[in-house]
Amino acid sequence: MIYLDNSATTKPWKSVLETYTQVSEKYFANPSSLHPLGAEAERLLMQARKQTAELLKVAPEEVIFTSGATEGNNIAIQGAVNANKGRGRHIITTAIEHPSVLRTMNHLEERGFEVTYLFPDKEGRVKASQVAEKVRKDTILVSVMHVNNETGSIQPIKEIGKVLTNHSKVLFHVDNVQGIGKVPLNIKNAGIDLLTISGHKFHGVKGSGVLFAKRNINLVPLYFGGTQERALRAGTESTAGAAALAKALRMTLDREPENRNMKNRLEKLASELSKYNEIIINSPVLRAPHILNFSVIGRKPESIVSALAEKNIYVSTTSACSSKDSEESIVLKAMGLPEERTTSSLRISLSLDTTDKEISDFLKSWKEIYYEVLKVGG
Ligand code: PMP
């Protein structure tokens, strides 16, 4: 099997799964229980929080464990605007956010908030100056992703944070799901108030995530219950999920120097695929080391995904979250690309475990599919 769909999800590392099962077995008690077993679970949860905080270079109380980034983005965005709607109802975001942000924005529009969507340039990048132009007295939140999940384009988070230092009451939320461990970002130096990551994108387990929420930020909870996770994520905590996330995050960040090799593998893919006449690379030059998006003009991307799957090779059309809903990539459309490209795109995404051999085997299989199965130009 050659798995090249790591932006959709990664395979959990064995040692991370071991942590998950060991903690599940030994520290199964409810961390809120007063008896010693509860106290032990609470201690372990605190340890995971402390480790995660150290890795993210934030304070432990700023780490809120969630079930993933969809939940984290919703708690952050809805929580922030509900807490601040007395001051204004204007939000700024981009047209290329993940559906967990875009659909939350649509919901807020229905509730009377005004949302300004920034469009990226042909390189898939918005500019900090666009934020500066659009920010107003009644703006309460700016939400911009760090790395785009379809193209790997990198947004100027630090520069946007700088623009917002002149607007101290505007909260800044960053979806860093595709950026963590891939493109360095110092949360504290970038003026970020809220940031989300998801465990299953860096070899952790599904159903684990972190919302960084600055210490003094006031958020209205999405739902109500106990006081766990600053009362922002009520419900019995997943001690094992938190411990597994901390471990996966540490292992991922320890291996950051290997991103250079990942980048080289991606460059090889890009240069080999570019040799085919019908292929146009959509990912910008300034991109994360793990995502390559390209169009095969005149071909249905689903038929290529199927042909590759028959050879045990797994890639995506656009992104996993939107590929079932629409034939056109809204991200590529927002970049101003023509329909022949927005409807024919494929995404290959690597992980730290992708090998040189997998890349060369992929390219061999691609050649066979391209000429034999698809009969494109051959
Ligand atoms: N944001 C981005 C950029 C993503 O790529 C994803 C996952 N596809 C999410 C948010 C949602 O994450 P989760 O699956 O943890 O809800």
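Numbers here are sequence positions counted from 1. Indexing begins at 1, ligand by ligand and atom by atom, following the structure's order.
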With no hydrogens and no angle check, do the side chains of N149 and H98 hold a donor and an acceptor under 3.5 Å apart?
no
Considering T66, V101, D175, N149 one by one, which has a heavy atom nearer to atom 2 (C) of ligand 1 than any of the others?
D175
Using a 4.0 Å cutoff against the non-hydrogen atoms of S198, which atoms of ligand 1 qualify?
13 (P), 15 (O)
Taking only residues two or more places apart in sequence or in another chain, which ones pass ring pair (Phe, Tyr, Trp, His ring centres under 6.0 Å) with F294?
W366
At the 4.0 Å heavy-atom cut-off, does E97 count as touching ligand 1?
no
What is the ring orientation for Y314 with Y3, classed by angle as parallel under 30°, tilted 30 to 60°, or perpendicular over 60°?
tilted
If I apply the N/O under 3.5 Å rule, does G68 come out as touching ligand 1?
no
Using a heavy-atom cut-off of under 4.0 Å, does the side chain or the backbone of S100 touch ligand 1, or both, or neither?
side chain
Report yes if some N/O of H200 lies less than 3.5 Å from some N/O of ligand 1; otherwise report no.
yes
Applying a heavy-atom cut-off of 4.0 Å, say which part of E71 lies close to ligand 1: side chain, backbone, both or neither.
neither
For ligand 1, which atoms sit closer than 4.0 Å to a heavy atom of T70?
11 (C), 12 (O), 13 (P), 16 (O)
Show the atom names and distances, to 0.1 Å, of all donor-acceptor pairs under 3.5 Å that link a side chain in residues 65-81 to residues at least two apart or in another chain.
residue	atom	partner	partner atom	Å
T66	OG1	G68	N	3.2
T66	OG1	G68	O	3.1
T66	OG1	G209	O	3.3
S67	OG	E71	OE1	3.1
E71	OE1	S67	N	2.7
E71	OE1	R233	NE	3.0
E71	OE2	Y223	OH	2.6
E71	OE2	R233	NE	3.2
N73	OD1	H173	NE2	3.1
N73	OD1	T196	OG1	2.6
N73	ND2	A69	O	3.4
N73	ND2	S100	OG	3.0
N73	ND2	D175	OD2	3.2
N74	OD1	Q78	NE2	2.9
N74	OD1	T104	OG1	3.1
N74	ND2	T70	O	2.9

Out of all atoms in ligand 1, which are within 4.0 Å of some heavy atom of K201? Include the element for each.
5 (O), 6 (C), 7 (C), 8 (N)
Side chains of Y370 and E278, donor plus acceptor under 3.5 Å
yes
Would you please say whether a donor-acceptor pair under 3.5 Å links the side chains of S365 and E368?
no
For M145, take its heavy atoms, then give the atoms of ligand 1 lying under 4.0 Å from any of them.
3 (C)
Check: S344 main-chain N/O paired with R299 side-chain donor or acceptor under 3.5 Å
no
